[in-house]
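The block underneath contains the structure these notes are about, expressed in structure tokens.
Every chain is numbered from 1 and lettered A, B, ... according to where its sequence line falls, protein lines coming before strand lines. What you see is a predicted model; the values in this text were computed from it and never measured.
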There are 2 protein chains.
Amino acid sequence: MNEKKIKKMGNIENCPVRNVIDRIGDKWSMLIILLLADEQVLRFNEIHKSIGTISQKMLTVTLKSLESDGLVKRTVYPQIPPKVEYELTPRGKSLLPHLLALTEWANKNMSNIKASRAQYEKSNA
Amino acid sequence: MNEKKIKKMGNIENCPVRNVIDRIGDKWSMLIILLLADEQVLRFNEIHKSIGTISQKMLTVTLKSLESDGLVKRTVYPQIPPKVEYELTPRGKSLLPHLLALTEWANKNMSNIKASRAQYEKSNA
DNA sequence: CCGAATCCGTAACGATACTG
DNA sequence: CAGTATCGTTACGGATTCGG
């Protein structure tokens, strides 16, 4: 009867936080959102060139995911050659401040974190 | 000469944001941080039971990762049976407000996001 | 030019059994 | 109690090829 009452977590499907982190936590989503925040509107290949190291496939997949969540708006201009533009939706923009806050935190703490990792490695030598 | 100047991103190694997201973006880190934020100090098995669906292996791996980044402090009591406690470091706590902000955003937008996904599915029927 | 489709290697993840 | 060790599966991501 003395056991602590600890929150039961881990019902992943119904956890909103996890649903969000699952998306922005992947390899490219956050980068794309921050990029679109800077540039307002970008074509597919502009994003591709800007990120540089992303493959076409992952760019397609990631943009679809962001579009399906209503964070990014996709506009197709039916012309030859085709032209597709991407921009943040209001919902996407509403997420932005939190991402920027995280970015700022990352910049402030990165060097210390790297130092911690190096120290941790040494301890397990 | 008319080409837009778009930020070059994607040099992942040196990007602080990605370094952070890589860690808290995995399957369990954020959940553990939020749990420790609520409970202050927890033993290994308490975390294990609380999350429920995490395997011992992944709990070990995730805690090590958080410890190596200096976000979580690990305290071993050399006794039989062993006792190990985990708690957030100041650095871990400094990350907390941003995670909570994300949580709040997630709670507010989850239903709309789910609706968007459903709508998106229908469009591609 | 903007993707879709396919193949394939790796790494993340999970289940289980075992140890000090 | 708090992990390690091993194995099998699955999902992610990259390279390449094809299509409208």
Side-chain angles (χ1 to χ4, degrees), chain A residues 2-4 6 10-13 18-19 21-32 36 41-68 72-87 120 123-124, chain B residues 3-4 6 10-13 15 18 21-32 35-36 41-68 72-87 120 123-124:
Chain A
N2 233 350
E3 61 191 43
K4 295 181 192 172
I6 302 173
N11 47 342
I12 305 293
E13 290 70 24
R18 282 234 45 81
N19 266 279
I21 296 298
D22 279 349
R23 295 302 169 115
I24 67 167
D26 72 356
K27 198 169 180 181
W28 303 109
S29 293
M30 191 162 171
L31 217 48
I32 293 175
L36 284 177
V41 179
L42 285 178
R43 299 182 61 174
F44 183 91
N45 266 359
E46 289 176 333
I47 304 177
H48 187 68
K49 288 176 194 168
S50 180
I51 297 188
T53 52
I54 191 175
S55 65
Q56 282 188 352
K57 173 189 174 181
M58 289 315 297
L59 183 53
T60 301
V61 169
T62 307
L63 285 171
K64 270 189 182 176
S65 164
L66 292 173
E67 187 196 359
S68 83
V72 161
K73 180 183 166 197
R74 180 175 184 267
T75 309
V76 182
Y77 296 87
Q79 59 187 42
I80 305 291
K83 172 180 170 185
V84 183
E85 288 184 341
Y86 297 90
E87 61 189 314
Y120 186 86
S123 305
N124 301 28
Chain B
E3 61 190 41
K4 294 182 194 171
I6 301 173
N11 46 342
I12 305 295
E13 290 71 24
C15 176
R18 283 232 44 81
I21 296 296
D22 279 348
R23 295 301 168 115
I24 67 169
D26 72 356
K27 198 169 181 180
W28 303 110
S29 292
M30 191 161 170
L31 217 49
I32 293 177
L35 182 62
L36 285 176
V41 179
L42 285 178
R43 299 180 60 172
F44 184 90
N45 264 0
E46 289 175 335
I47 303 177
H48 187 69
K49 287 177 193 168
S50 180
I51 296 188
T53 51
I54 192 176
S55 65
Q56 282 187 353
K57 175 187 172 181
M58 288 316 298
L59 182 53
T60 302
V61 169
T62 306
L63 284 171
K64 272 188 182 176
S65 163
L66 293 173
E67 187 197 358
S68 84
V72 161
K73 180 184 166 196
R74 180 176 183 266
T75 310
V76 182
Y77 297 87
Q79 59 187 42
I80 305 290
K83 174 179 170 183
V84 181
E85 286 183 343
Y86 295 91
E87 61 189 313
Y120 187 85
S123 305
N124 301 27

Per-nucleotide protein contact string for nucleotides 13-20 of chain D, where B marks a base within reach and S marks sugar-phosphate only (heavy atoms under 4.0 Å, - for neither): BBB----B
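Among residues two or more places apart in sequence or in another chain, the side chain to side chain contact (heavy atoms under 4.5 Å, CB included) test is passed with A/Glu85 by A/Val41, A/Arg43, A/Tyr77, A/Lys83. B/Ser29 meets the side-chain hydrogen bond (donor to acceptor under 3.5 Å, both in side chains) test with B/Asp26; sequence neighbours excluded. Among residues two or more places apart in sequence or in another chain, the side chain to side chain contact (heavy atoms under 4.5 Å, CB included) test is passed with A/Val84 by A/Arg74, A/Val76, A/Tyr86. Among residues two or more places apart in sequence or in another chain, the side chain to side chain contact (heavy atoms under 4.5 Å, CB included) test is passed with B/Ser65 by B/Arg23.
In this structure, the CG atom of B/Leu59 is 14 Å from the P atom of D/dC1, given to the nearest Å. Atom-to-atom, CG of B/Leu63 to C1' of D/dT4 comes out at 15 Å; the value is rounded to the nearest Å.
On the nucleic acid side, DNA chain C has its first and last nucleotide under 4.0 Å of a heavy atom of chain B at C/dC13 to C/dG20, going 5' to 3'.
Residue pairs meeting the salt bridge (charged side-chain N to carboxylate O under 4.0 Å, His left out) criterion with at least one partner in residues 51-61 of chain B, sequence neighbours excluded, do not occur; the list is empty.
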Stepwise side-chain contact (heavy atoms from CB on, under 4.5 Å) check, B/Ile32 with B/Leu59: CA-CA 9 Å; B/Ile32 293 177; B/Leu59 182 53; 3.7 Å; yes
Verdict with supporting geometry, A/Leu63 and A/Trp28, side-chain contact (heavy atoms from CB on, under 4.5 Å): CA-CA 9 Å; A/Leu63 285 171; A/Trp28 303 109; over 6 Å; no
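In this structure, B/Leu31 CG and B/Leu36 CG are separated by 10.5 Å, a value rounded to the nearest 0.5 Å. In this structure, the separation between CD1 on B/Ile24 and OG1 on B/Thr62 is 13.0 Å, given to the nearest 0.5 Å.
In this structure, B/Tyr86 reaches the sugar-phosphate backbone alone: every heavy-atom distance under 4.0 Å involves primed, P, OP1 or OP2 atoms, never a base.
Across all their heavy atoms, A/Phe44 and A/Gln56 have their closest contact at CZ-O, 4.1 Å.
From one end of the helix from C/dC1-D/dG20 to C/dG20-D/dC1 to the other, with five pairs defining each end axis, the axis direction shifts by 40° (rounded to 10°).
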